[in-house]
Amino acid sequence: MSDPRKRSPAKLGDVVASVLEHAGLSGRVAQAAVIPEWPRLVGPQIAEVTEPLLLQQDGTLCVAVRTHAWMQELTLLEPELLGSLNGDPARPPITRLRWMLRR
């Protein structure tokens, strides 16, 4: 039996990835990566008037919008935006966008 004190330490990122995988959460974490990538994925004009808030368990991304007019426009653009958000086939897809007026 090997001495556990002589084992080299594991990288923290590897440990976290292993724990997430074991808990069945790695897909959700990958899916939630669209939140910090939002400006790049939707473009600067849309990013300026929106803010992604949270990802629901069913894959719905809740997004705050500055005005009613923008909310209407983004509702019409939703298929295109989902295509952009779901461009990485390795990541579980965002299933829906839920627009919420920022107050």
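Predicted, not measured: the structure shown is a model, and the values here were computed from it. Sequence positions, counted from 1, serve as the residue numbers for this chain.
The existence of a salt bridge linking Glu78 and Arg98 is excluded, since no basic side-chain nitrogen approaches an acidic carboxylate oxygen closer than 4.0 Å.
Scored by the side chain to side chain contact (heavy atoms under 4.5 Å, CB included) test, Leu53 finds Glu51, Ala64, Met100 as partners (sequence neighbours excluded).
If you take CD1 on Ile35 and CG on Leu61, they are separated by 5.5 Å, rounding to the nearest 0.5 Å. For the atom pair CD (Glu37) and CZ (Arg40), the distance works out to 4.5 Å, reported to the nearest 0.5 Å. In this structure, the separation between CG on Leu41 and CG on Leu81 is 10.0 Å, given to the nearest 0.5 Å. Within the model, atoms CG of Leu77 and CH2 of Trp70 stand 8.0 Å from one another, a figure rounded to the nearest 0.5 Å. Put simply, CG on Asp58 and CZ on Arg96 are 7.5 Å apart, with the number rounded to the nearest 0.5 Å.
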- Task: Tell me, with the steps shown, if Val65 and Leu74 meet side-chain contact (heavy atoms from CB on, under 4.5 Å).
- Result: CA-CA 9 Å; Val65 183; Leu74 293 169; 4.0 Å; yes

- Message: Please determine whether side-chain contact (heavy atoms from CB on, under 4.5 Å) holds for the pair Val34 and Asp88, giving the CA-CA distance in whole Å, both sets of side-chain angles, and the decisive distance to 0.1 Å.
- Response: CA-CA 10 Å; Val34 300; Asp88 182 353; over 6 Å; no

- Task: Dump the intermediate steps for side-chain contact (heavy atoms from CB on, under 4.5 Å) on Leu101 and His68, then the final yes or no.
- Result: CA-CA 7 Å; Leu101 187 62; His68 284 287; 3.2 Å; yes

- When you look at Thr75 and Leu97, which way does the side-chain contact (heavy atoms from CB on, under 4.5 Å) test go after all the steps? CA-CA 8 Å; Thr75 300; Leu97 296 170; over 6 Å; no

- Query: What do the steps show when you test Thr50 against Trp99 for side chain to side chain donor-acceptor pair (under 3.5 Å), and what is the final call?
  - Reply: CA-CA 9 Å; Thr50 60; Trp99 308 109; over 6 Å; no

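Considering all non-hydrogen atoms of both residues, Trp38 and Ala47 come closest at NE1-CA, 4.1 Å. Heavy atoms only, all atoms of each residue included: Thr95 and Leu82 are closest at O-CD1, 4.0 Å. Between Ala32 and Pro36, the closest heavy-atom pair is O-CD, 3.6 Å. For the pair Leu76 and Pro79, the tightest heavy-atom approach, listed with the atom from each and the gap, is O-CD, 3.7 Å.
Here the side chain of Asn86 pairs a donor or acceptor atom with the backbone of Ile94 at under 3.5 angstrom.
Follow the hydrophobic side-chain contacts under 4.5 Å out from Leu54 and you never reach Met71; the two are in separate clusters.
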